[in-house]
Asker: 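Sharing a structure here in structure tokens format.
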Number of protein chains: 2
Amino acid sequence: MAPRTRNNPLALAVLALLWERPMHPYEMSMTLRERRKDESVRLNFGSLYSVVDSLVKHGLIEAASTEREGNRPTRTIYRLTDAGATEAVDWLSDLLRTPVKEFPQFEAALSFLPLLGPDDVARLLRMRVSALQVSITTLDAAREQARAQGLPSIFVLEADYDSALLHAELDFVVGLEASITDGTLEGVGLWRELHTRAAGGRLEPEEIAEALAPYFTTEGAPPTA
Amino acid sequence: MAPRTRNNPLALAVLALLWERPMHPYEMSMTLRERRKDESVRLNFGSLYSVVDSLVKHGLIEAASTEREGNRPTRTIYRLTDAGATEAVDWLSDLLRTPVKEFPQFEAALSFLPLLGPDDVARLLRMRVSALQVSITTLDAAREQARAQGLPSIFVLEADYDSALLHAELDFVVGLEASITDGTLEGVGLWRELHTRAAGGRLEPEEIAEALAPYFTTEGAPPTA
DNA sequence: TCCCGAATGCTCGAACCAGAGTATATCTCG
DNA sequence: CGAGATATACTCTGGTTCGAGCATTCGGGA
């Protein structure tokens, strides 16, 4: 048995759903939608079916029956195996216990900020602030509605977490935009100078390289391993 | 020309590096390491070479020359094209302007928390708190060192962002653990009851299903599209 | 009655990604 | 001065992921 890789959390979602009752894949996807879990787990059809196949191959779930209703395509109904139940608990425990490094796209963008000029960046960040505010409002409304329906908080913790992250990002972006605009961000002078010298056209490559050189060319060893 | 998909931020990193000067792939990876950008962009060799190929195919970069030094494998040196420069600026602008939905694994784990019992979850969360504190300390030390070397903040914004997210997560987890432990989390009574009834063995599937039923079986329409 | 569109349920291929593997060269240290 | 460790520079392979596409059924309106 090939050593399973725990990369796609959709597989965990499948295990969790089958914990409740046997289902066919399409029903899994509909149930995840209904419970808004598709906001926390990337769900698409192709992945769902391959994830299910892989779980079968590793003995974590098994086909319980196949049925056809009317003249629709036949559906295969899967159930959890004992190994699958164990794996669900182990995997979930690991995810809770140990933070895994994520690579948000915005973080990547921040890494390459100096490509753009400070004024452009400030303008884009203001647009991001608006978008984040809209997201927060929408999310809060959804949480409010869930609460109004009497759904206990334990079942919507993921939305609370999402909200916490959104607020943190909003604060960060607001602060960053302000410090660029009022010039208090350390290094913004150098940055602006580079881009005004290149005004009108594309920034000369060498300029960035030269600006960075003093900080990177000489030293090479990691600070702490 | 096939419509390029902007999924792997490593491609943006390649464009950003070639903006400074022509390089061969291995040098790109070393430069990213040196500047600690591999903390913000997922970097591995296989992906790097395929990303470079794909950029060539789409005319965003091109081979400038190939050389061999001593008897080492030949290296192909790439340079940015005009189209590539445009794409870098457009892509970066998009990333800054528009938040994209991410799917952190911890959020997925929170979605399926009720699989475990409240006491187990609380214990695991306490371990997560420790791990997060270590991460924060390590990151702060690295930032401090960068500052001490005189590297202006603009070049390490990504670490500030990371730090902001880590703090937000830490606060969230601390609060969650406390509210589970002291019983103030809404629904924790129901949750605990379910798991003590199943004490000793595996939770009976039907129990979860029944507990969830009142909240999900009747309504189906999204709150807001 | 018949057609349109939505819902149901899955299949397929192409792209993408991870990371182990390969092969040489140079450095290190007794 | 030779053995192993480290650095250089990729290549290969097999799995994963995406999302469009397909085939069917059902409901509702003209």
Asker: Using the six-membered ring of Phe106(A), assess whether NZ or CZ of Arg128(A) lies under 6.0 Å from its centre and within 45 degrees of the ring axis.
Answerer: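 Ring-cation test returns yes.
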Asker: What is the distance, rounded to the nearest whole Å, between atom CZ of Phe103(B) and atom C1' of dT17(D)?
Answerer: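 Taking atom C1' of dT17(D) as the reference, CZ of Phe103(B) is at 13 Å.
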Asker: Kindly say if Thr5(A) contacts the phosphate of dT16(D), meaning a side-chain N or O under 4.0 Å from OP1 or OP2.
Answerer: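 So the side-chain polar atoms of Thr5(A) do come within 4.0 Å of the phosphate oxygens OP1 or OP2 of dT16(D), strictly under.
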Asker: Write down the distance between OH (Tyr49(A)) and P (dC22(D)), rounded to a whole number of angstrom.
Answerer: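 Rounded to whole Å, this separation is 17 Å.
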Asker: Separation of Leu10(B) atom CG from dC16(C) atom C1', in whole Å?
Answerer: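 Computing the Leu10(B):CG to dC16(C):C1' distance gives 12 Å.
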Asker: Let me spell it out: for each of Asn8(A) and Phe45(B), pick the nucleotide of DNA chain D with the closest heavy atom. Which residue's pick is nearer the 5' end?
Answerer: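 Comparing both residues, the 5'-ward one is Phe45(B).
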Asker: Using whole Å, what does the distance between atom P of nucleotide dT11(C) and atom CG of Asp53(A) come to?
Answerer: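 For the pair Asp53(A) CG and dT11(C) P, the rounded distance is 8 Å.
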Asker: Ignoring backbone atoms, test whether Tyr26(A) places a side-chain nitrogen or oxygen under 4.0 Å from the OP1 or OP2 oxygen of dC10(C).
Answerer: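 The answer is no; no side-chain N or O of Tyr26(A) sits under 4.0 Å from OP1 or OP2.
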Asker: When the distance from CZ of Arg42(B) to C1' of dT16(D) is rounded to whole Å, what number comes out?
Answerer: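 So the CZ-C1' distance, Arg42(B) to dT16(D), works out to 13 Å.
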Asker: His24(A) side chain N/O closer than 4.0 Å to the phosphate oxygens (OP1, OP2) of dT8(C)?
Answerer: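 Result: no.
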Asker: Where the side chain of Asn44(A) is concerned, which of dG19(D), dT11(C), dA9(D) is the nearest nucleotide?
Answerer: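 Among dG19(D), dT11(C), dA9(D), the one nearest the side chain of Asn44(A) is dG19(D).
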Asker: With respect to the side chain of Ser47(A), which nucleotide from dC18(D), dG19(C), dG9(C) is positioned closest?
Answerer: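 Selected nucleotide (nearest to the side chain): dC18(D).
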Asker: Separation of Arg33(A) atom CZ from dG9(C) atom C1', in whole Å?
Answerer: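 Nearest whole value for this atom pair: 13 Å.
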Asker: Rounded off to whole Å, could you give me the CG-to-C1' distance for the Leu55(A) and dG15(D) pair?
Answerer: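 From Leu55(A) CG to dG15(D) C1': 14 Å.
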Asker: Before you tell me yes or no, could you show the steps for Leu10(A) and Leu32(A) under side-chain contact (heavy atoms from CB on, under 4.5 Å), namely the whole-Å CA-CA distance, both residues' side-chain angles and the distance that decides it to 0.1 Å?
Answerer: CA-CA 10 Å; Leu10(A) 183 55; Leu32(A) 288 173; 4.1 Å; yes
Asker: Could you tell me whether the phosphate oxygens of dT16(D), OP1 or OP2, come under 4.0 Å of any side-chain nitrogen or oxygen in Ser50(A)?
Answerer: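 For dT16(D), OP1/OP2 do not have a side-chain N/O of Ser50(A) under 4.0 Å.
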Asker: Could you walk me through whether Val121(B) and Trp191(B) satisfy the side-chain contact (heavy atoms from CB on, under 4.5 Å) test, starting with their C-alpha distance in whole Å, then the side-chain angles of each, then the deciding distance to 0.1 Å, before giving a yes or no?
Answerer: CA-CA 11 Å; Val121(B) 167; Trp191(B) 182 17; 3.8 Å; yes
Asker: Using whole Å, report how far CG of Leu48(A) lies from C1' of dT16(D).
Answerer: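 Going from CG in Leu48(A) over to C1' in dT16(D) covers 14 Å.
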Asker: Would you kindly say whether Ser47(B) and Asn44(B) are connected by a side-chain donor-acceptor distance under 3.5 Å?
Answerer: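 Yes, Asn44(B) and Ser47(B) have a side-chain donor paired with an acceptor closer than 3.5 Å.
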Asker: Is the shortest side-chain N to carboxylate O distance from Arg6(A) to Glu87(A) below 4.0 Å?
Answerer: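 A salt bridge links Arg6(A) with Glu87(A).
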